[in-house]
Amino acid sequence: MPTASVLDSLNEEQRAAAGHVSGPALVLAGAGSGKTRTVVHRIAHLMDAHEVYPQQILAVTFTNKAAQELKERVEGLVGPAAREVWVSTFHAACLRVLRTYGSNVGLESGFGIYDDGDQLDVLKEILKSVAGLEDANPRALRAAIDRAKSHLWTPEVYAERAAERYGAVVSGMEVEQIVEVFARYEQRLKQQNAVDFNDILGRTVELFDHHPDVLDRVQQRAVFMHVDEYQDTNAAQYRLTRQLSESYRNLMVVGDPDQGIYAFRGADVQNILDFQRDFEDAQTYRLELNYRSVPPVLKVANAVIAQNSDRLDKVLKPTKDDAEPVRIHQAADHRAEADFVARMVEQELAASGGDLNRFAVLYRTNSQSRVLEESLRRAGLETRIVGGVGFYERREVKDALSYARAALNAQDDVSWRRVINRPKRGIGDTSVEHLTRFAQRHGVPFSAAVNRHEEVLKGTAAGKKVQAFAELMQDLQEASASLPAGKFLAYLLDVTGMIEALKQEGSFEAQGRLENLDELRTAVEEWESEHGGSIAEFLDESALMASVDDSAVKAVNQGEVPSDAVTLMTLHNAKGLEFPVVFLVGLEEGLLPHRSSTGSLREVEEERRLLYVGLTRAEEALYLVHCDQRMTFGRTEPARVSRFVEDVPPALLRYVDAFGEATGRTAGRPKLGGLTWRSPALSQEPAGGTRAPAPGGAYKGGETVRHPKFGEGKVVGVSGSGAKTELTVVFPEVGAKRLLVKFAKLERVH
DNA sequence: TCCATAGTTCTTTTT
DNA sequence: GAACTATGGA
């Protein structure tokens with residue numbers, strides 16, 4: 001007797017997976033195959049047809065954004081009951097467990113979370129006192145320690161494993177020394193009642209290992225468990241998954257081995273490949289029908305990923321109608337590349353309308369975003385940058401939150417030392433050094449040394465100032481306990497003198513910082529009115545949030561980031577998202593694959609998967625761009641098209657010129673010269689002076705020209721030659737424009 | 001103690 | 001090119 005089911009709207013593949021009820025299941029879901037849709041419907045189906053309580057369902061994702069989306073979609077299907085489903089990232093879920101049960105593993109209430117910057121501070125402090133490592137690179141150490149901890153290795157285990165895996169020297173440092181620093185680092189964090197990101201997972205594993213009663217309680221919330229992006233789980237996440245699912249075994253993992261892009265932080269694609277070994281009775285479901293991208297895009301994506309040797313055979317099958325081929329453009333340099341993107345956005349907009357939210361520009365490294373942003377803005381196109389230097393990493397914001405952390409945790413040396421002289425209050429490095437040494441000698445926190453400044457500084461001039469600081473902190477400690485989050489932050493900004501100091505400074509930059517603090521205050525207030533909660537809870541949430549458009553930060557950006565904008569982000573950030581029109585830029589050797597990831601086949605294949613992720617974001621149109629030369633570290637160097645592009649059958653790509661017109665050239669080894677145009681900034685100094693002489697009648701800087709649309713303007717730069725001569729012209733109305741003489745119908749004005 | 005300046009290092013990617 | 005660090009003078 002068939003009745004209407006929530007599964008009716010799914011295709012056959014999806015329905016099979018979503019209809020899975022008990023026991024372990026592996027869902028191999030290709031890009032754009034409706035993975036989230038399947039999970040959402042599965043949850044709804046459990047509640048609907050099998051009377052599973054929402055409180056028994058756990059779904060773990062990798063990003064806050066993915067969690068948010070999943071939550072909303074489940075609610076859309078089953079209504080308010082969905083709010084009882086536990087949807088969370090691994091980190092947020094574990095943090096919640098630790099806040100409740102952390103005392104079982106030596107975490108005192110109010111423990112702090114150290115981000116990358118805090119980690120570096122701790123390491124720098126340690127390096128001062130370890131002989132032979134005075135000038136070791138703290139970043140390299142952090143990388144080594146992070147890697148170890150993502151495998152759940154203690155310093156002792158690391159000593160063994162590192163020796164056998166990498167030999168006696170890692171990144172130019174003796175393994176023995178790394179182990180020494182690692183051990184001290186762990187000790188410091190413990191003393192400071194703080195955890196780093198890896199600890200959030202690692203301590204939870206430890207807690208579950210040693211406290212079966214706690215594990216049992218949490219398992220009750222995970223009777224039906226889902227893990228998204230399972231191919232990106234590291235050892236800690238793998239262990240957590242096993243622990244939480246071991247009693248009920250209703251575990252559904254979803255993922256795509258071809259989209260594993262986090263090996264660098266310990267993720268192991270083997271986890272998903274081994275799922276059937278781990279759970280012999282696992283059902284496997286495959287989703288291969290792609291609903292996202294037009295066939296030309298899928299053909300390129302399939303061709304790229306097929307080059308990987310270490311993978312399951314899988315092809316994305318199109319469901320959409322055929323469309324324009326994937327376009328590829330060779331630009332002279334990063335500025336020309338950015339201008340090309342801006343121009344294509346304008347053209348697409350003119351041709352088919354729609355808004356800027358349809359467009360995304362994806363790149364390998366954050367540093368590529370600057371030029372792209374400039375060009376788009378110059379063309380009058382709004383941009384939205386996802387990720388990058390986060391709001392919470394800006395100095396003034398970090399200072400303000402450090403005050404809050406210091407007030408909440410007297411053992412947090414990193415925060416105390418950070419704020420003691422912010423704003424400048426006459427407590428210099430020497431005094432801080434004295435206080436630090438006193439604290440070390442007596443085995444007490446830095447804050448204790450501050451409170452006992454009379455013993456340390458013996459009534460010197462600095463002593464008076466430290467006295468005032470001690471009183472300030474005392475005051476803040478009390479305020480943090482009595483004031484709600486928003487009021488506390490406002491109070492803090494006031495009494496610490498942060499606002500006052502910036503007002504005094506009066507510079508343009510200080511103005512910006514003031515605005516940021518104001519935004520922070522708004523964010524805290526809005527967060528408080530939405531979720532309620534203390535400043536401590538706000539700190540937790542903001543600590544786990546890197547990306548600019550996650551919930552608590554959204555408020556911050558509402559005034560600033562337009563709702564209609566081109567999205568700019570790294571390829572890593574793009575995973576799970578989709579856009580009608582996608583630009584992949586910087587497809588060059590050294591960038592993709594990145595120069596630091598070409599050492600082994602494993603690394604190169606991960607880079608290829610990264611490209612695959614980027615390609616499969618596009619719904620309707622896809623542009624690939626690479627440059628002849630690229631600036632790195634402020635130096636311009638020749639660049640070659642990525643090997644990944646050369647592997648694509650030329651017939652699948654259509655080369656276009658700077659204006660999007662087909663060049664007739666097919667992909668493959670480009671002829672040098674004549675095909676690209678040059679940006680003025682670089683052509684001022686042609687390499688080797690080989691530039692062809694300008695033909696007679698060429699434009700010169702300083703001349704006035706008339707453009708049919710922009711009116712009269714002044715030539716400020718000339719570059720390229722022959723048919724590719726390009727001018728930079730400043731127009732009074734629209735500002736600087738770059739124009740190809742061949743296309744722009746210019747007239748000389750005398 | 002603070003500030004200006006010159007030098008240096010740096011870029012993968014993120015919860 | 002930018003952000004961070006060391007340095008020397010006020």
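Labels below follow one simple rule: chain letters A, B, ... track the order of the sequence lines, proteins then strands, and each chain is numbered from 1.
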Next item on the list: Return yes if some donor-acceptor pair links the side-chain N/O of A:R242 with the main-chain N/O of A:Y238 below 3.5 Å, else return no.
Entry: no
Check: Which nucleotide sits closest to the side chain of A:R370: C:dG1, C:dT5, B:dT15?
Finding: C:dG1
Next item on the list: Answer yes or no: does a side-chain N or O of A:N234 lie under 4.0 Å from OP1 or OP2 of B:dT14?
Entry: no
Item checked: A:N64 side-chain N/O to B:dT14 phosphate OP1/OP2 under 4.0 Å -> no
Next item on the list: Indicate whether OP1 or OP2 belonging to B:dT13 is found under 4.0 Å from a side-chain N or O atom of A:N573.
Entry: no
Next item on the list: Please determine, for the side chain of A:D116, which listed nucleotide (B:dT15, B:dT11, B:dC10) has the closest atom?
Entry: B:dT15
Next item on the list: Choose from B:dT11, B:dC10, B:dT14 the nucleotide whose nearest atom is closest to any side-chain atom of A:S367.
Entry: B:dT11
Notebook entry, point to check: Nearest to the side chain of A:T89, which nucleotide is it out of B:dT15, B:dC10, B:dT14?
Noted result: B:dT15
Checklist line | Listed nucleotide nearest any side-chain atom of A:N366, set B:dC2, B:dT14, B:dC10 | finding: B:dT14
Check: side-chain contact (heavy atoms from CB on, under 4.5 Å) between A:W86 and A:V218: does it pass, once the steps are laid out?
Finding: CA-CA 11 Å; A:W86 191 8; A:V218 183; 4.0 Å; yes
Check: In this structure, which one of A:R595, A:R630, A:R643, A:R640 forms a salt bridge (Lys or Arg N to Asp or Glu O under 4.0 Å) with A:E588?
Finding: A:R630
Item checked: A:T430 side chain, from C-beta outward: closest of B:dT14, B:dT1, B:dT15 -> B:dT1
Item checked: SB check A:R602 A:E606 (cutoff 4.0 Å) -> no
Notebook entry, point to check: Looking at the side chain of A:R265, which of B:dT13, B:dC10, B:dT15 is the nearest nucleotide?
Noted result: B:dT15
